[in-house]
Amino acid sequence: MEGKGLKLYGTRCSGFCLMVELALKLKGLTYEFVEEDLRNKSAALLRYNPVHRKVPVLVHDGEPICESQVILRYIDETFSEPPLLAGAPLRRARVLFWVDFFVHTLMPASRTAVVSQGEELTRALEELRRAVKTMEDGLQRDFPGEGPFFGGATPGLLDVVCGPSSVGVPAVEQLLGLKLVNMETAPFMSSRMTAFAQLDAVKETLPPRDVFFEYAKKIREMVLASARK
Ligand SMILES: N[C@@H](CCC(=O)N[C@@H](CS)C(=O)NCC(=O)O)C(=O)O
């Protein structure tokens, strides 16, 4: 499908930007990707996102839409097939609950782990492992018997949101030289993330692990160096 006039301002390894790319690809849309240098943001990015000055920004026929979760909803409502958020209102509410939990609890804990060491790293890992256990138990409770994707028979919003982690987590584990989470303790999440990662649209969207590794390494070194100053 031709996503007329779709332009995505982003950076290659940002989880938030990758979620948007995955949604666009699953919808079969074509778009132009504009790579931003976050240390030297373009005038266009600042004009399109004057409030947060962050990526991703999706520009559709000249109109900017900011914030990854808002963009995902916009894409799903504008290009309705295949739907990312499907089912009865209660199911949709539960999906949105776990999307919110993933973005606001799991992702911050793993970001802290990437840029910390010593006791702070230990605390971040504990928090991350607790959050994964909470989410695993909650998903098993809320979506019994569904699969093979978080979305059920077809990939949905939660697949898109968790999708970048299938490359991000192994890259961070390699960087830190430790296991972030033992995914054998989270079979529901693990099997769905594996099924999603095997889709062609996902394989062609997510950067290779070594590219992700270098990105995480650069961020870690930068943050640890500035903390030493
Ligand atoms: N809440 C935002 C977070 C986006 C975000 O943190 N983007 C980062 C890249 S991963 C960014 O643009 N950072 C630049 C900055 O903070 O100046 C969303 O969901 O889109």
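Counting starts at 1 for both ligands and their atoms, following the listed order.
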Hey, what polar pairs (N/O, under 3.5 Å) does ligand 1 make with protein?
| unit_1 | atom_1 | unit_2 | atom_2 | d |
| --- | --- | --- | --- | --- |
| ligand 1 | 1 (N) | Glu67 | OE1 | 2.8 |
| ligand 1 | 1 (N) | Glu67 | OE2 | 3.4 |
| ligand 1 | 7 (N) | Val55 | O | 2.8 |
| ligand 1 | 12 (O) | Val55 | N | 2.9 |
| ligand 1 | 17 (O) | Lys41 | NZ | 2.5 |
| ligand 1 | 19 (O) | Ser68 | N | 3.4 |
| ligand 1 | 19 (O) | Ser68 | OG | 2.6 |
| ligand 1 | 20 (O) | Ser68 | N | 2.8 |

*Kindly indicate whether a cation-pi arrangement holds for Arg192 with Phe196, taking the cut-offs as under 6.0 Å to the six-membered ring centre and within 45° of the axis.*
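Ring-cation test returns no.
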*With no hydrogens and no angle check, do the side chains of Ser190 and Glu184 hold a donor and an acceptor under 3.5 Å apart?*
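Not at all, the side chains of Ser190 and Glu184 share no donor-acceptor pair under 3.5 Å.
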*asked:* Run the salt bridge (charged side-chain N to carboxylate O under 4.0 Å, His left out) test on Lys133 and Asp137 for me, step by step, so that the C-alpha distance in whole Å, both residues' side-chain angles and the decisive distance to 0.1 Å come before the verdict.
replied: CA-CA 6 Å; Lys133 166 102 180 74; Asp137 291 348; 2.7 Å; yes
*Report yes if some heavy atom in the side chain of Thr78 is under 4.5 Å from a heavy atom in the side chain of Lys27; otherwise report no.*
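Result no, sub-4.5 Å side-chain heavy-atom pair not found.
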*Side chain to side chain, Lys217 and Glu221, heavy atoms closer than 4.5 Å*: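 Yes, close enough: below the 4.5 Å cut-off.
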_If the condition is ring-ring contact (aromatic ring centres under 6.0 Å, His included), which residues does Tyr48 pass it with, not counting sequence neighbours?_
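By the ring-ring contact (aromatic ring centres under 6.0 Å, His included) rule, Tyr48 matches Tyr9.
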